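Since we're looking at a predicted model, the values are computed, not measured.
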Amino acid sequence: MISNIYDTTAKAKQLYLDPRTKIVLCLTVSSIMLISSNSDIVKVMQIAFSILPFIFLLVLKKFKMAAYYFVMYSFSALIPRLLIPYLPNVINVLFTGVIALFTQFLPGMMMAYFLIVSTTVSEFVAAMDRMHVTKKISMPLSVLFRFFPTIVEEYGHVRDAMMMRDVGSIRNPMKMLEYRMVPFLTSIVSIGNDLSASALTRGLNAPVNRTNVCPIGFTWRDGIAFFVIICCLIIFIFFR
């Protein structure tokens, strides 16, 4: 059974970007969101970057994940502002501040999700080869590209199996945690070994140059993306 996480909607012409462009976008959004600044222009830029993953998820037709992101980001951004004036300083430092800090990490996490679901392993490996990245880096990353979608699918299988057996219901959270996490963690170890063996079988660590038929390359869409990134970085440097 093919998981929905592998769907190829992202290859549509109106969205397709080179994997290298997606990596730069992911790093740019993560970096700018994590840096604090008192400049109004930088704050507006950070708000725009926080909206960017939401737009990408909508274009990819990942409506469920887009809704999760919208709810989680809105909760992290609004709740601390509403509760800080009414809570003790200790609570604000331990809990409210952590929730507010989550707004800086969430956009980068969603951009990483966008990179994974919209890029196949072959495209990623081809992009790494174009950038002359060493196999010591590209090979583990290519395994991770398959690892995260696979464990999401595997958790769904474990959850369905437990629900069919009526084991570990929400009424008993400790048993639910035990009956789901123990077989899930056991499966993760097996999945990691299988993916590593698959990568070795495909010769991803071979010393010779691999050939591929992935249609990667920069287009006008990548040019627009890089232009926007460079402009944002210049604005950020001068107005920080």
Original post:
Are Leu78 and Met72 joined in one hydrophobic group, where the rule is that I, L, V, M, F, W and Y side chains link up if heavy atoms are under 4.5 Å apart?
Top reply: no

Original post:
Thr103 and Pro107: which non-hydrogen atoms are nearest, and at how many Å?
Top reply: O-CD, 3.0 Å

**OP:** Grab the two heavy atoms, one from Leu115 and one from Pro19, that are nearest each other, plus how far apart they are.
**Re:** CD1-O, 4.3 Å

**OP:** Measure across Arg20 and Gly217 and return the closest heavy-atom pair with its distance rounded to 0.1 Å.
**Re:** NH2-CA, 4.0 Å

Original post:
Less than 4.5 Å apart, any side-chain heavy atom of Pro53 and any of Phe114?
Top reply: no

Original post:
Which atom names give the shortest non-hydrogen contact between Ile32 and Gln46, and what distance separates them?
Top reply: O-NE2, 2.9 Å

Subject >> Exceeds 12 heavy-atom contacts within 6.0 angstrom, atom CZ of Phe70 >> reply: no

Original post:
Could you give the distance from CD1 (Ile41) to SG (Cys232), rounded to the nearest 0.5 Å?
Top reply: 11.5 Å

**OP:** Kindly indicate whether the side chain of Val24, heavy atoms from C-beta on, has any atom under 4.5 Å from the side chain of Ile229.
**Re:** yes

Original post:
Does Thr28 have any side-chain hydrogen bond (donor to acceptor under 3.5 Å, both in side chains) partners at least two apart in sequence or in another chain, and if so, which?
Top reply: none

Original post:
What do the steps show when you test Tyr69 against Ser74 for side chain to side chain contact (heavy atoms under 4.5 Å, CB included), and what is the final call?
Top reply: CA-CA 8 Å; Tyr69 173 64; Ser74 300; over 6 Å; no

Subject >> Tyr68 side chain near Lys64 side chain, heavy-atom distance below 4.5 Å >> reply: yes

Original post:
How would you list, by chain and number, every residue that makes a salt bridge (Lys or Arg N to Asp or Glu O under 4.0 Å) with Asp222, sequence neighbours excluded?
Top reply: none

Original post:
Taking atom CD1 of Ile151 and atom CD of Glu153, what is their separation to the nearest 0.5 Å?
Top reply: 11.5 Å

Subject >> Shared hydrophobic cluster, Leu27 / Met131 (ILVMFWY, side-chain heavy atoms < 4.5 Å) >> reply: yes

Original post:
Side-chain contact, heavy-atom cut-off 4.5 Å: Ser118 with Tyr113?
Top reply: no

**OP:** For Glu123 and Thr120, indicate whether the former's side chain and the latter's backbone hold a donor-acceptor pair under 3.5 Å.
**Re:** yes

Original post:
Considering only heavy atoms from C-beta outward, does the side chain of Met128 approach that of Ile137 to under 4.5 Å?
Top reply: no

**OP:** Could you walk me through whether Met110 and Met65 pass side chain to side chain contact (heavy atoms under 4.5 Å, CB included), step by step?
**Re:** CA-CA 9 Å; Met110 287 297 104; Met65 184 59 68; 4.2 Å; yes

**OP:** Before giving the answer on side chain to side chain contact (heavy atoms under 4.5 Å, CB included), spell out for Ile224 and Phe227 the whole-Å C-alpha distance, their side-chain angles and the decisive distance to 0.1 Å.
**Re:** CA-CA 5 Å; Ile224 293 176; Phe227 177 77; 5.6 Å; no

Subject >> Minimum-distance pair of heavy atoms, taken over all atoms of Ala127 and Ile216 >> reply: N-CD1, 3.6 Å

Original post:
CZ/Phe54 to OH/Tyr73 distance, rounded to the nearest 0.5 angstrom?
Top reply: 12.5 Å

Original post:
Do Phe124 and Ile23 touch side chain to side chain, with heavy atoms closer than 4.5 Å?
Top reply: yes

Sequence neighbours left out, cut at 3.5 Å: what donor-acceptor pairs do the side chains of residues 181-188 make with other protein atoms?
unit_1, atom_1, unit_2, atom_2, d
Thr186, OG1, Val182, O, 2.9
Ser187, OG, Glu154, OE2, 3.2
Ser187, OG, Pro183, O, 2.9

Original post:
Do Thr219 and Leu17 have side-chain heavy atoms sitting under 4.5 Å apart?
Top reply: no

Original post:
Is a side-chain donor or acceptor of Lys62 paired with a backbone partner of Val117 at a separation under 3.5 angstrom?
Top reply: no

Original post:
Say you draw a straight line from OG of Ser76 to CZ of Phe105; how long is it, rounded to the nearest 0.5 Å?
Top reply: 11.5 Å

Original post:
Do Ile230 and Val29 sit in the same hydrophobic cluster, where Ile, Leu, Val, Met, Phe, Trp and Tyr count as joined when their side-chain heavy atoms come under 4.5 Å apart?
Top reply: yes

Original post:
Rounded to the nearest 0.5 Å, how far apart are CE of Met45 and OG of Ser50?
Top reply: 12.5 Å

Original post:
Among the clusters formed by ILVMFWY side chains lying less than 4.5 Å apart, do Met109 and Leu34 turn up in the same one?
Top reply: yes

Subject >> Euclidean distance, Phe56 CZ relative to Ile51 CD1, rounded to 0.5 Å >> reply: 12.5 Å

